Amino acid sequence: MTTDKKKFNILLGCTGSVATIKLPVLIQTLQERQSTEELQFDIKVILTESAKHFVDIEKISPDTPILTDTDEWNAWKGRGDPVLHIDLTKWADVFVIAPLGANSLAKIAQGLCDNLLLCTARAWNLNKPIFFCPAMNTFMWEHPVTREHVAKLSQWGYREIPCVSKTLMCGDTGNGAMAEVETIVRHIVEYFRSQNKDRI
């Protein structure tokens, strides 16, 4: 038996939902779980331009790379230069989009890819897991088109971490809130445990 920790690369993506305020807690919780699991995580984050509005970057360790559309464009100047969204799909063992708001959900379901996060999702190797955590107002969540979009992603092999019912930031009470951080972390850790079981 070995106690060596296997390193896994986690790519976190945040879209334009107020639930993005939980990103620092999500990162911190993942980092804390390393001390109780035979696992080691490297974490990178993609923020859409809208997501940047909701997150306090100062609360995130400078050791955690925060990537945006600007990084995508700055990385490429000509033929042979890195293509960031492709490099990220090769680097990451898992992609977790938390939160996935209604607009980005619709874009992914339609195959659109007009920012770094969506390009990464479009290029993702579906032999590796991609988790998505819907987050939106109850009226948006209950719209019929939302069910169609979630179903399409699930058909492709995306793994939904279902939203929950609570009082939302807007003051409404109902379904549509992003899953709790502990729930998201549990899904990630359980996946990596299954990959790491022969090493523990």
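All values derive from a computational prediction rather than experimental measurement. This chain uses plain numbering: 1 for the first residue, then up along the sequence.
Residues Leu126 and Leu100 are members of one and the same hydrophobic cluster, defined by side-chain heavy-atom contacts under 4.5 angstrom among Ile, Leu, Val, Met, Phe, Trp and Tyr. By the rule that hydrophobic residues join a cluster once side-chain heavy atoms approach within less than 4.5 Å of another member, Val25 and Ile10 end up as members of one cluster.
Under the 3.5 Å distance criterion, the side-chain polar atoms of Arg122 are matched with a main-chain donor or acceptor of Gly111. With hydrogens and angles ignored, the 3.5 Å screen pairs a side-chain donor or acceptor of Gln34 with a backbone N or O of Phe41. With hydrogens and angles ignored, the 3.5 Å screen pairs a side-chain donor or acceptor of Asp69 with a backbone N or O of Leu116. When atom types are taken as modelled, the side chain of Asp93 and the backbone of Asn9 share a donor-acceptor pair closer than 3.5 angstrom. Ser104 places no side-chain N or O within 3.5 Å of a backbone atom of Gly16 that could act as its donor or acceptor partner. Within the 3.5 Å criterion, the main-chain N or O of Asp71 finds no donor-acceptor partner in the side chain of Asn74. Checking side-chain atoms of Trp76 against main-chain N and O of Gly78 turns up a donor-acceptor pair under 3.5 Å.
In this structure, Pro82 and Asp87 approach most closely via the heavy-atom pair CB-OD2, 3.4 Å. Across every non-hydrogen atom of Trp141 and Pro134, the tightest pair is CZ3-CB, 3.6 Å. Ser17 and Ala135 make their closest contact through OG-CB, 3.6 Å (heavy atoms, listed as atom of the first residue, atom of the second, distance). When all heavy atoms of Asn175 and Ser165 are compared, the pair lying nearest together is OD1-N, 3.4 Å. Shown here for Cys119 and Glu72, the closest heavy-atom pair between the two residues is CB-OE2, 4.4 Å. The minimum heavy-atom distance between Ala92 and Trp124, with the atom names listed, is CB-CH2, 3.6 Å.
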From CA spacing to verdict: side chain to side chain contact (heavy atoms under 4.5 Å, CB included), Ile57, Leu47: CA-CA 11 Å; Ile57 301 295; Leu47 296 179; 3.8 Å; yes

Would Thr183 and Arg186 count as a side chain to side chain contact (heavy atoms under 4.5 Å, CB included) here? Give the steps. CA-CA 5 Å; Thr183 302; Arg186 187 182 74 245; 3.9 Å; yes

Check the pair Thr120 / Leu117 against side chain to side chain contact (heavy atoms under 4.5 Å, CB included), numbers first and verdict last. CA-CA 5 Å; Thr120 304; Leu117 188 151; 5.8 Å; no

Decide side chain to side chain contact (heavy atoms under 4.5 Å, CB included) for Cys14 and Val55; before the verdict, give the C-alpha distance in whole Å, the side-chain angles of both, and the deciding distance to 0.1 Å. CA-CA 9 Å; Cys14 295; Val55 64; over 6 Å; no

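A heavy-atom distance below 4.5 Å is found between the side chains of Leu105 and Met136. Contact of the Phe132 side chain with the Ser154 side chain is registered, since non-hydrogen atoms from C-beta on lie closer than 4.5 Å. Looking only at side-chain heavy atoms (C-beta outward), Trp156 and Ile108 come within less than 4.5 Å of each other. The shortest side-chain heavy-atom distance between Val94 and Phe192 falls under the 4.5 Å cut-off. Counting heavy atoms from C-beta on, the side chains of Leu153 and Ile130 never come closer than 4.5 Å. Put simply, the side chain of Gln31 reaches to within 4.5 Å of the side chain of Thr64, judged on heavy atoms.
Distance CE/Met178 to OG1/Thr20: 7.5 Å, rounded to 0.5 Å. Remark: Ile43 CD1 to Ile60 CD1 distance equals 10.0 Å, nearest 0.5 Å. Note that the OG1 atom of Thr89 and the CG atom of Leu84 stand 10.0 Å from one another [nearest 0.5 Å]. Considering CG of Leu23 and CD1 of Ile27, their distance stands at 4.0 Å, rounded to 0.5 Å. Rounded to the nearest 0.5 angstrom, Asn115 CG and Glu49 CD are separated by 8.5 Å. One finds the CD1 atom of Ile97 at 8.5 Å from the CG atom of Leu11 (value rounded to the nearest 0.5 Å).
Using the six-membered ring where Trp is involved, Phe131 and His187 have ring planes that are perpendicular, over 60° apart on the 30 and 60° scheme.
The six-membered or imidazole ring of Phe8 lies away from that of Tyr191, with a centre-to-centre distance of 6.0 Å or more.
Residue-environment remark: CZ (Arg33) exceeds the threshold of 12 foreign heavy atoms within 6.0 Å. For NZ of Lys128, the number of neighbouring non-hydrogen atoms (other residues, nucleotides, ligands) closer than 6.0 Å is greater than 12. When the shell of 6.0 Å around CH2 of Trp91 is examined, it contains more than 12 heavy atoms from other residues, nucleotides or ligands.
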